[in-house]
**Q** 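To start, I am sharing the structure in question, which I have written as structure tokens.
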Amino acid sequence: MSDKKDKIIFFQPDQELGKSSFLAQEGISAGFPSPADDFKELRISIDREVVKNEEATFYARVSGESMQGAGLDDGDLLVIDRSLEPQDNKIAVCFIDGEFTVKRLKVEQDCVYLMPENSKYKPIKVTEDNELIIWGVVTYVVKKV
Amino acid sequence: MVILSNNDGCVIARSNEAKALGIPMGAPAFKFRNEFKKHNIRVFSSNYPLYGDMSHRVMKILETYTPNVEIYSIDEAFLKFEGFDYFDLNAKGLKMRKQVRKWTGIPVSVGLAPSKALAKIANKIAKKFDKRTQGVYCIDSDEKRLKALKWTPIEDVWGVGRQHAKRLQAMQIKTALDFVNLPDEWVKKQMSILGLRLKRDLEGVPSIQLEEVTPAKKSIAVTRSFKNLLNIYNSLEERITTYTLLGAEKLRKQKSCATALHVFVRSNPFDPNATQYRNGCTLTLPHATDSNFVLNRYALMGLRSIFKPGIEYKKAGVILLGLTPSSSRQITLFEQDTAKHTALMQTLDKIHRRYGPHRMKLASQDLKQTWKMKREHLSNRFTTEINEIISVK
């Protein structure tokens, strides 16, 4: 016999992933089965509702009051979906001249305005001198009540 | 901009601007501090939680284009388009690039070709001439293939190591085209079957297969430089234990056992005034194991045999060797604790997954966790830590 054949190799069951073991919660033999069992559904998940596109979803924190009128208050959490096309009247996170800002887009024939929703702030007219990246469209606001 | 390695040791990634200023790859950060300042180069520590998440997003998007994807590294993937003969792959490449850019902000280049080695070259062309190619280049004719091979220096060919490149250059083999013109027998004899496969790949006959499942690692190394110099045995013992346990966790994750381990320590080779010392030792374990306790016992045994008092240590490491799959592990007659340890290790790993690393420690580790990686220029973990997300005005 060769060396290799002398060895006995023990195979051990993989105990970590107990995929095949289902727990029969209601027992098997006796009693009346729960009538709710056939109607079990996934529990509501905010994540599933709010995140439509996991790979393109990012979060940001609002700082300041420039968008108060739109319900975006200081400290609120924004859900941003970068897969969406920016359009007129959408609220978007923009990167302008080295800074992130959240404003409502106003697209005119030959220029773009970033509109605040607070009378204390002025609209930003984007000209050729500005470096503007529309970073992503805001889809939800999460705020603490 | 440059990115530094773990512990802010050396430069591991450079922006085009930093490259143009002549900052070399692997430059030790402390030697280039003035250079960084002079040219106003922004320096960042490695931010692996962020890079890992962004990489994951990109790979997920790529996976929607074809079911056959090999994630080659954190920033590279091979996609196999089999049965796409009637599709315009160049257009697909452009679409893929645009989508990744829009969804994640990550710029990528796409190289399309009949084989992996050629795809690598196509990618390089796409990146180098991104204005003309729009970041996508397709080698779809023999004419284009020969032109691309001629353009590629031998040392840039995927899979040609430094040693082989040197030897080939000495023989006037300067480009990938010169290499392809070598006789098969010579390549096989000098560079083994792997060299021959590479040659076939470059000839346009796909020979290097797509590896959709990453093969288990054959060894696992955890080595780190210390932020401050260490000279007391106990501090080194703490470090070695921590490294061993980190390695052991990786070992269990890939379901392997180690049959040997290597421990090493060394002083700071960059300090001309320090007494230089480096030593290491390899120990064979009594049986293949993935247990923290067994591995650590032997790692510390090794450390005791190489520790020399009076040295200022700068770096240490543990390398787990001779890895075998846990499922076909040889069991010896005299091991008693394995079953007990296996259960304990599984529990430990679960706790760490759920509550974060370093929650459960061995007594030889520092319980106050005073050990931190040196990350003085860390950017935010924008996508994995709610307190570090971007702030918008």
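Letters A, B, ... mirror the listed sequences (proteins, then strands); counts begin at 1.
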**Q** What part of A/Leu72 gets within 4.5 angstrom of chain B, counting heavy atoms only: side chain, backbone, both, or neither?
**A** neither
**Q** Within the 4.5 Å heavy-atom criterion, are A/Leu77 and B/Ile389 side-chain neighbours or not?
**A** yes
**Q** Heavy atom to heavy atom, less than 4.5 Å: which residues from residues 55-64 of chain B reach chain A?
**A** B/Arg57, B/Lys60, B/Ile61
**Q** Is it true that atom NZ of B/Lys95 has more than 12 heavy atoms of other residues, nucleotides or ligands lying nearer than 6.0 Å?
**A**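 No, not enclosed.
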**Q** Examine whether an atom of B/Ser391 lies under 4.5 Å from a heavy atom of chain A, and if so say whether it belongs to the side chain, the backbone or both; otherwise answer neither.
**A**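 For B/Ser391, heavy atoms of backbone and side chain both lie under 4.5 Å from chain A.
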**Q** Tabulate, in ascending numerical order, the residues of residues 96-112 of chain A having at least one heavy atom closer than 4.5 Å to a heavy atom of chain B, or enter 'none'.
**A**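 Contacts with chain B: A/Glu99, A/Phe100, A/Thr101, A/Val102, A/Lys103.
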**Q** For the backbone of A/Arg82 and the side chain of B/Lys102, can you confirm whether one donor and one acceptor N or O come within less than 3.5 Å of each other?
**A** yes
**Q** Would you please name every residue forming a side chain to side chain contact (heavy atoms under 4.5 Å, CB included) with A/Ser119, sequence neighbours left out?
**A**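 Applying side chain to side chain contact (heavy atoms under 4.5 Å, CB included) to A/Ser119 gives none.
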**Q** Quick one: does B/Val392's side chain get under 4.5 Å of A/Trp135's, heavy atoms only?
**A**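 Counting from C-beta outward, B/Val392 and A/Trp135 never come under 4.5 Å.
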**Q** May I ask you to list the residues in residues 43-65 of chain A that approach chain B closer than 4.5 angstrom, counting heavy atoms only, ordered by number?
**A**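 If one takes a 4.5 Å heavy-atom cut-off, the residues of residues 43-65 of chain A near chain B are A/Asn53, A/Glu54, A/Glu55, A/Ala56, A/Thr57, A/Phe58, A/Tyr59, A/Ala60, A/Arg61, A/Val62, A/Ser63.
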**Q** Tell me, yes or no, whether the heavy-atom count around B/Gln134 atom CD, taken from other residues, nucleotides or ligands under 6.0 Å, exceeds 12.
**A**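 Open: at most 12 neighbouring heavy atoms sit under 6.0 Å from CD of B/Gln134.
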